[in-house]
There are 2 protein chains.
Amino acid sequence: MLNKSMDFDRMNSAGYLVNNLARLFWAGLRHRIEPLGIVPGQFAALLELWINDGQTQKELVKKLDIEQATLANTLARMERDGLITRKEHPTDGRARIIRLTEKAWAIREDAYKAANATNEKALSTLSGEEREQFISIMRKVIDEMRGND
Amino acid sequence: MLNKSMDFDRMNSAGYLVNNLARLFWAGLRHRIEPLGIVPGQFAALLELWINDGQTQKELVKKLDIEQATLANTLARMERDGLITRKEHPTDGRARIIRLTEKAWAIREDAYKAANATNEKALSTLSGEEREQFISIMRKVIDEMRGND
DNA sequence: TCAATTTGCATAGTTTGCTATTTAACAGTA
DNA sequence: TACTGTTAAATAGCAAACTATGCAAATTGA
């Protein structure tokens, strides 16, 4: 072998592992919430609306780390699926107030349980200390990556 | 507050953080490899083919943690983009041999550098020990999640 | 006041993931 | 040999991410 740089071991690449992990979490959550009639992409919006119902799309975008266009499409599917309604804003003709339906409220507790179960299963192999390390390292890396580049 | 279980803090959820992180890695890699004329989804297949050119789709699927249909589509785009060719298999009329083009070979070193730079930037805030913990914890969790559920 | 700019949301178009299904070729067996 | 079952790859259809662009309402400022 001429040069070590000629190799790239994806099993040692943080990016490769993170991607892999994200798809496993996605799949695990998808299975668990399927009976509730929701899909993983709707989860973040639901979490935020369960805490604070009746926001505009703009307010949601600010809190959920996704692009405006992504959220607009997800909200359209959620409306189609009967999870939210969108009514006109009282003072701003461009904005719309997003409100959860009864159906969305009804699945709240089960959805929390599904998410917690997915996390619990994933981390079940780790010690308490390792869990803390894992979470805190991820937060550090996210901050770093959001910072500059 | 009636009940602690009524809350779900996504900033403390491993799944939420992992998802976030994966999209940041994806974006970082995308920016860096854009000048090379490739996209992140093609990366895994390229890595494997750079090591072992001339495999069938089935062989690639076994090594890359993605579904057969996903790979088939990605390979179609790679063919369209002039990164691979697909020739008939000498003994099996169903299979096709996937081979890298000159164009794909030419960007190899720059692609490795781009991936390494993305990882390096991401982990730059971590100590050597933390990096090792991060990688080894991710491997543990992946093994756990792949295992059963 | 009214033209220009900004802003909130929607839409277009692409990639990449998934599941499910189809197609064609292979392999084994009656 | 003809039938049956299996297997490799392609295709259909959906979700969800992104960038870029469009549109109409709101705001600004000359």
Side-chain angles (χ1 to χ4, degrees), chain A residues 15-16 18-34 37-46 55-62 64-81 83-84 86-98, chain B residues 15-16 18-31 33-34 37-46 55-62 64-81 83-98:
Chain A
Y16 199 90
V18 164
N19 178 266
N20 217 290
L21 207 40
R23 283 186 293 114
L24 288 167
F25 269 99
W26 198 265
L29 184 61
R30 188 164 47 69
H31 281 128
R32 279 180 240 257
I33 62 181
E34 193 181 32
I38 58 175
V39 283
Q42 304 171 340
F43 216 93
L46 285 172
Q55 305 183 55
T56 65
Q57 187 181 115
K58 185 202 164 140
E59 291 171 307
L60 279 176
V61 162
K62 207 175 358 177
L64 275 33
D65 313 280
I66 54 174
E67 294 301 316
Q68 176 266 321
T70 300
L71 181 58
N73 283 322
T74 295
L75 290 175
R77 285 188 292 272
M78 291 174 74
E79 190 171 36
R80 178 203 65 190
D81 297 348
L83 293 165
I84 57 163
R86 288 186 282 188
K87 303 193 201 281
E88 60 295 353
H89 189 283
T91 66
D92 188 335
R94 298 163 301 178
R96 313 180 63 184
I97 301 287
I98 296 149
Chain B
Y16 199 91
V18 164
N19 177 266
N20 217 290
L21 207 40
R23 285 187 293 118
L24 287 166
F25 268 100
W26 198 263
L29 184 61
R30 187 162 48 70
H31 282 127
I33 62 181
E34 194 180 32
I38 58 175
V39 285
Q42 304 172 339
F43 217 92
L46 285 170
Q55 305 184 53
T56 64
Q57 187 181 114
K58 184 200 164 142
E59 289 171 307
L60 279 177
V61 163
K62 206 173 359 177
L64 273 34
D65 312 281
I66 54 175
E67 294 300 315
Q68 176 266 325
T70 301
L71 182 58
N73 284 319
T74 295
L75 290 174
R77 285 189 294 272
M78 290 174 77
E79 191 171 37
R80 178 202 63 189
D81 297 348
L83 293 166
I84 59 163
T85 60
R86 288 187 282 187
K87 301 193 204 282
E88 59 297 355
H89 189 283
T91 66
D92 188 336
R94 297 163 300 179
R96 314 179 63 180
I97 302 286
I98 295 149

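Below, chain A is the first sequence line, B the second, and so on; all start at residue 1. Every value quoted in this text rests on a predicted model; they were computed, and no experiment measured them.
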(message) Holding to side chain to side chain contact (heavy atoms under 4.5 Å, CB included), I want the full list of residues that pass it with E34(B), two or more places apart in sequence or in another chain.
(response) none
(message) I'd like to compare against my own output: the B/S/- annotation of nucleotides 4-12 of chain D with a strict under-4.0 Å heavy-atom distance to protein.
(response) ---BSBBB-
(request) Using only heavy-atom distances, determine whether the side chains of E67(B) and T70(B) contain a donor-acceptor pair under 3.5 Å. (result) no
(request) Return the minimal non-hydrogen interatomic distance between I98(A) and T56(A), and the atom names on each side. (result) CD1-C, 3.9 Å
(message) Would you compute the distance between atom CD1 of I97(B) and atom CD1 of I84(B) and round it to the nearest 0.5 angstrom?
(response)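 Here the interatomic distance stands at 12.0 Å.
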(request) Drop me the distance from L83(B)'s CG to L75(B)'s CG, to the nearest 0.5 angstrom. (result) 10.5 Å
Just how far, in rounded Å, is [atom2] of [N] from [atom1] of [X]?
X      : N       : atom1 : atom2 : result
E67(B) : dC18(C) : CD    : P     : 5 Å
E34(A) : dC18(C) : CD    : C1'   : 11 Å
L71(A) : dC9(C)  : CG    : P     : 9 Å
R23(B) : dT19(D) : CZ    : P     : 11 Å
L29(B) : dC18(D) : CG    : P     : 15 Å
I38(A) : dC14(D) : CD1   : C1'   : 17 Å
L64(B) : dC18(C) : CG    : P     : 11 Å
M78(B) : dT15(C) : CE    : P     : 13 Å

(request) Kindly point out which of dA16(D), dT15(C), dC18(C) is positioned nearest to the side chain of I66(B)? (result) dC18(C)
(message) Around atom CD of E79(A), are there more than 12 heavy atoms from other residues, nucleotides or ligands closer than 6.0 Å?
(response)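 Yes, because the 6.0 Å sphere around CD of E79(A) holds more than 12 heavy atoms from other groups.
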(message) Counting the atoms with a prime plus P, OP1 and OP2 as sugar-phosphate, which does R77(B) contact under 4.0 Å by heavy atoms, base, sugar-phosphate, or nothing?
(response) base
